[in-house]
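Some notes on the structure that comes next.
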Amino acid sequence: MATTDIRFKRIQGEYRTLQDAQDELFDKVDSFEAALLGLTEMVAENREMILENSRKLDAIIEHLQVPYNKPPAGFVKE
């Protein structure tokens with residue numbers, strides 16, 4: 001057949017286009033995953049810093065004998 005080479009080249013081009021699109025999508029997913037992992041680590045670090053600051057503030061309040069009633073933690077039923 002005279003058109004076999006033409007058809008093969010067309011299919012080959014379509015396959016390359018599909019692979020390129022998949023590669024681009026996978027690269028974006030990898031970038032999003034890396035960003036999400038970085039944000040998760042930052043949130044964990046910030047949580048630790050907040051807890052440390054809270055402990056320090058509690059120690060200062062106790063040391064200075066400041067009258068302070070902590071509000072209840074969590075959700076409060078009204």
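If you're wondering where the values come from, they're calculated on a predicted model, not measured in any experiment. Positions are given from 1, in the same order as the sequence printed here.
- Under the salt bridge (Lys or Arg N to Asp or Glu O under 4.0 Å) criterion, Glu41 pairs with no residue at all, not counting sequence neighbours.
- One finds the CD atom of Gln19 at 7.0 Å from the CD atom of Gln22 (value rounded to the nearest 0.5 Å).
- Residue Asp23 holds its CG atom at 6.5 Å from CG of Asp27, rounded to the nearest 0.5 Å.
- Other residues, nucleotides and ligands contribute only 12 or fewer heavy atoms inside 6.0 Å of the CD atom of Gln65.
- Remark: Ile6 CD1 to Ile11 CD1 distance equals 12.0 Å, nearest 0.5 Å.
- If you chain together hydrophobic residues whose side chains sit under 4.5 Å apart, Leu37 and Met42 never meet in one group.
- The distance from the CZ atom of Arg55 to the CD1 atom of Ile60 is 13.5 Å, given to the nearest 0.5 Å.
- The 12-atom threshold is not exceeded at CD of Glu62, counting heavy atoms of other residues, nucleotides or ligands nearer than 6.0 Å.
- Here Leu18 contributes atom CG and Glu14 contributes atom CD; the two are 9.5 Å apart, rounded to the nearest 0.5 Å.
- When the side chains of ILVMFWY residues are joined at heavy-atom separations under 4.5 Å, either directly or via intervening members, Leu64 and Tyr68 end up in a single hydrophobic cluster.
- Here Asp5 contributes atom CG and Arg7 contributes atom CZ; the two are 11.5 Å apart, rounded to the nearest 0.5 Å.
- Scored by the side chain to side chain contact (heavy atoms under 4.5 Å, CB included) test, Val43 finds no partners at all (sequence neighbours excluded).
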